[in-house]
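Down below is the structure, laid out as structure tokens.
These values consider heavy atoms only, across backbone and side chains, with no hydrogens, waters or symmetry-generated copies. This chain uses plain numbering: 1 for the first residue, then up along the sequence.
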Amino acid sequence: MNFRNIVFKLALALLIGFCSKTHAQNRPELKWTKDGNAYYQFTDGELVSISLAQNERKTIISRDLLYASGQHTIGRIKDFFFSEDGNKVLIYTNSKKVWRYETRGDYFVADLKANTITQVGKDKPASSLMFAKFSPDGNKVAYVSKHNLYVDDLMAKSTKALTTDGTERLINGTFDWVYEEEFDCRDGFRWSPDGQSIAYWQIDATKIKNFLMIDNTDSIYPFTIPVEYPKVGENPSSCKVGVVNIASAQTKWLNIPGDAIQNYIPRMGWIPGSNEVILQQLNREQNVSKLFVANAATGVAQNILTETDQAWIDAADENWEWVNENKEFIWMSEKDGWRHAYRISKDGKRQTLITKGDFDVIEKSLVDEKNNSLYYMASPGNATQKYLYKTKLSGGSKPEMVTPSILPGTHNYDISPNGIYARHTYTTASVPLITEWMKLTTLNPLTMDGSITNQLGRIRPPKNKVEFFKVTTEDGIELDGWMKKPDNFDQTKKYPVVFYVYGEPASQTVKDEFGTGINRLYAGDMPKDGYIYISVENRGAPAPKGREWRKSIYKNIGVLNIRDQAMAAKKILQWPFVDKDRVAVWGWSGGGSSTLNLMFQYPEIYKTGIAIAAVANQLTYDNIYQERYMGSPLKTKEAYIKGSPVTYAKNLQGNLLYIHGTGDDNVHYQNAEMLINELIRNKKVFQLMSYPNRTHSINEGENTSAHLALTYTEFLRRNCPPGGR
């Protein structure tokens, strides 16, 4: 396979997040018009609206306005946002990455009535603006630059600083590294409904210690790169929420009970039509969730809802959705053992279960109050798949499956605000992603030619399909798995097995969607070369199997998930076509940690392992993630030590390749060196591949991805030879 194909495969892998945590931003949302009868998109350098069902195109912003004058530095357009009245468009361009995502850039306002374009914050450094958004009346734009909040008055053509105390470590309107990584917190401010003020987070990271990464290659003398990084057991940043008045630039801090350091505030928003802010507070261990409603003028906050869990409670959905004239909001909770949607009154005293049953709501799709409907994704019978359901928003009704049952697999629906239309996507392990536009009210495609049914008829199914299976371990635990057999499989022969593992609560590997069964790090063709490729989903993975399934891993990462994987492999190795002497396992990030633990704790099963960017010592990872799933290390570190690969490194017997980037700001290269020291101390021979200054994704620099694939493949072929015997 040529280098270009290898790089493409690696890039695709990183896009779908196979090597690390799953984040919500991975799937772009459709931008509907306000009435829901059309959608917007940039095409051929123009912003157009496309109506449904006529498919008529209307130019909203012409290419001439955007580019022809040459007076604006509008580069690649990353995103766009309409003002509430639809007369202006905020264009986000020239974007730059901040840690994982491109959240810094330039913003321009296109005035559709005046047919003009003006730059927002043009006195600020290039590509320094973050999360710009219109005021409710569309006459102002607020944004963050260098950790301060600003507002541009589009009518007066003036700029005002709303905060001036922002520094590298005192952060207004956005977040520090760990809030971004573990709570998906990035946009840190919200306009009030009346446009007179803005609620915003302030993160004080001045006491967070620096982790120093070393750059040995970009100059003759090495230098350090500091990253504010609170390790396990270290205090988090202090966090508070303030409301700044636009006219006076004075901030009123909300009086939220509880220590500002020992509690997190991962979610916040305004209650529509009011001067009140609602927010979620999680305690340090993240097993107590409190909702507060605060008066923005006085700062007085009232605790309206408290939930506790013996394990952890997740941060709420980012967008608060209000119903019943803003007297109630939709809330997701696992308090009855399943992830369900509830209607909660603003004072918290009235709670109505909407989605009743022994199943999980995977995600909400649309709150359609006009038609008393809640659309949501679920899969009660098969945790590897996903379907659209609906039920009465008022509660008390049985779930109704909207997705046709004749299409088993993974579905997604982007539904118009009026609940009439939807963009429906469908995929399986054998069917690449296909899309149809449909009328949701009748469940009919807008055109038969573009229907999923018609498109399926044109897809040639692969000869060698991914097979899904279930395996019951000796502990009585039934696990889902998938398997891709070699081409020209001969059941009388024995083949090598390569297990792909993640294993931690942040990601699911066994899904019935396209790409499953493809090893994107293998520089060749695994089925053609004669490998069996397998992944099994252990307990603790975020699969829709109920609270007990997901949270049984609490204080047991590195133990319970590893035993589930090993006991499943033990059963699989009893299959007559599996070669017990050629068993390999690999994973990245949490999967790298699982790979190490499997190699060290069950050396009699796994003969070859490739671990990439692993957490070798759980005490080195960040506090929000690791304390959430492993409990407080301030009470005891026993679970951390028991679950860490370095604890078992002395047991290595097989062939190990360890890979890590020295510039990894997420899982520090420190983990590699701790592991190396322990392996050396126990006279364990292994292979190491370090990538200078590469981050957690190990894809920076010319041919890095290609080299990684070649390194992976050569080691696997040498130590776990392919082909049936």
Side-chain angles (χ1 to χ4, degrees), residues 1 5-6 9 18 384 428-431 460-474 478-501 509-512 514-538 564-587 591 594-595 598-599 602-611 653-657 687 709-725:
M1 176 175 291
N5 287 338
I6 294 170
K9 285 168 62 176
F18 84 98
T384 73
T428 73
S430 302
V431 176
R460 181 179 298 178
K463 294 179 181 179
N464 186 357
K465 291 185 178 181
V466 173
E467 300 176 26
F468 287 86
F469 63 87
K470 294 181 182 292
V471 59
T472 301
T473 70
E474 61 186 52
E478 184 184 74
L479 306 174
D480 288 313
W482 53 254
M483 169 173 54
K484 186 71 177 289
K485 290 178 179 174
D487 293 343
N488 304 313
F489 175 73
D490 184 344
Q491 62 183 0
T492 66
K493 293 183 177 180
K494 290 187 179 292
Y495 295 90
V497 172
V498 178
F499 287 97
Y500 167 57
V501 62
T509 66
V510 181
K511 294 183 179 182
D512 190 4
F514 197 69
T516 294
I518 299 174
N519 186 341
R520 295 175 177 85
L521 269 186
Y522 189 78
D525 189 324
M526 285 190 76
K528 186 177 180 180
D529 288 349
Y531 285 106
I532 300 172
Y533 195 33
I534 290 178
S535 190
V536 176
E537 200 85 89
N538 53 261
D564 277 359
Q565 288 285 337
M567 293 305 98
K570 191 175 176 182
K571 290 289 185 180
I572 289 168
L573 264 56
Q574 295 175 7
W575 296 349
F577 49 83
V578 171
D579 189 338
K580 296 179 182 179
D581 296 323
R582 290 184 290 165
V583 179
V585 59
W586 85 278
S594 295
T595 296
L598 290 168
M599 289 288 291
Y602 297 93
E604 73 280 6
I605 296 176
Y606 303 93
K607 312 300 183 184
T608 298
I610 304 173
Q653 294 179 21
N655 312 298
L656 173 63
L657 169 62
Q687 300 296 308
L710 292 171
T711 300
Y712 173 103
T713 306
E714 190 277 334
F715 185 85
L716 180 64
R717 286 174 175 166
R718 174 160 44 89
N719 294 287
C720 184
R725 297 176 181 174

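With 3.5 Å as the limit, one finds no donor-acceptor pair spanning the side chains of Asn519 and Tyr531. Side-chain contact, Asn655 with Thr608: a donor N or O sits under 3.5 Å from an acceptor N or O. Residues Tyr495 and Asp490 have side chains that never bring a donor and an acceptor to within less than 3.5 angstrom of each other. Inspection of the Tyr712 and Arg717 side chains reveals no N or O donor paired with an N or O acceptor under 3.5 Å.
The closest donor-acceptor contact from the side chain of Trp482 to the backbone of Thr509 lies under 3.5 Å. In this structure a side-chain-to-backbone donor-acceptor pair under 3.5 Å is missing from Thr473 to Met567.
Here the CH2 atom belonging to Trp586 is positioned 15.0 Å from the OH atom belonging to Tyr606, to the nearest 0.5 angstrom. Annotation: the span from Glu537 atom CD to Gln565 atom CD amounts to 8.0 Å, rounded to 0.5 Å. To the nearest 0.5 Å, atoms CZ (Phe715) and CG (Leu710) are separated by 15.0 Å. One distance of note links CG of Leu716 with CG of Leu657; it measures 10.0 Å at 0.5 Å rounding.
Residues Lys470 and Asp480 are paired through a salt bridge, judged by an N-O separation under 4.0 Å between the basic side chain and the carboxylate.
Listed by chain and residue number, Asp487, Asp525 satisfy the side-chain contact (heavy atoms from CB on, under 4.5 Å) test with Lys528 (two or more places apart in sequence, or in another chain).
A distance below 6.0 Å separates the ring centres of Phe577 and Phe489.
Atom CD of Gln491 has 12 or fewer heavy atoms from other residues, nucleotides or ligands within 6.0 Å.
Nearest heavy-atom pair, Val501 versus Ser594, reported as atom, atom and distance to 0.1 Å: CG2-CB, 3.8 Å.
At least one side-chain heavy atom of Pro527 sits under 4.5 Å from a side-chain heavy atom of Lys484.
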**Full working for side-chain contact (heavy atoms from CB on, under 4.5 Å) between Glu478 and Val471** = CA-CA 6 Å; Glu478 184 184 74; Val471 59; over 6 Å; no
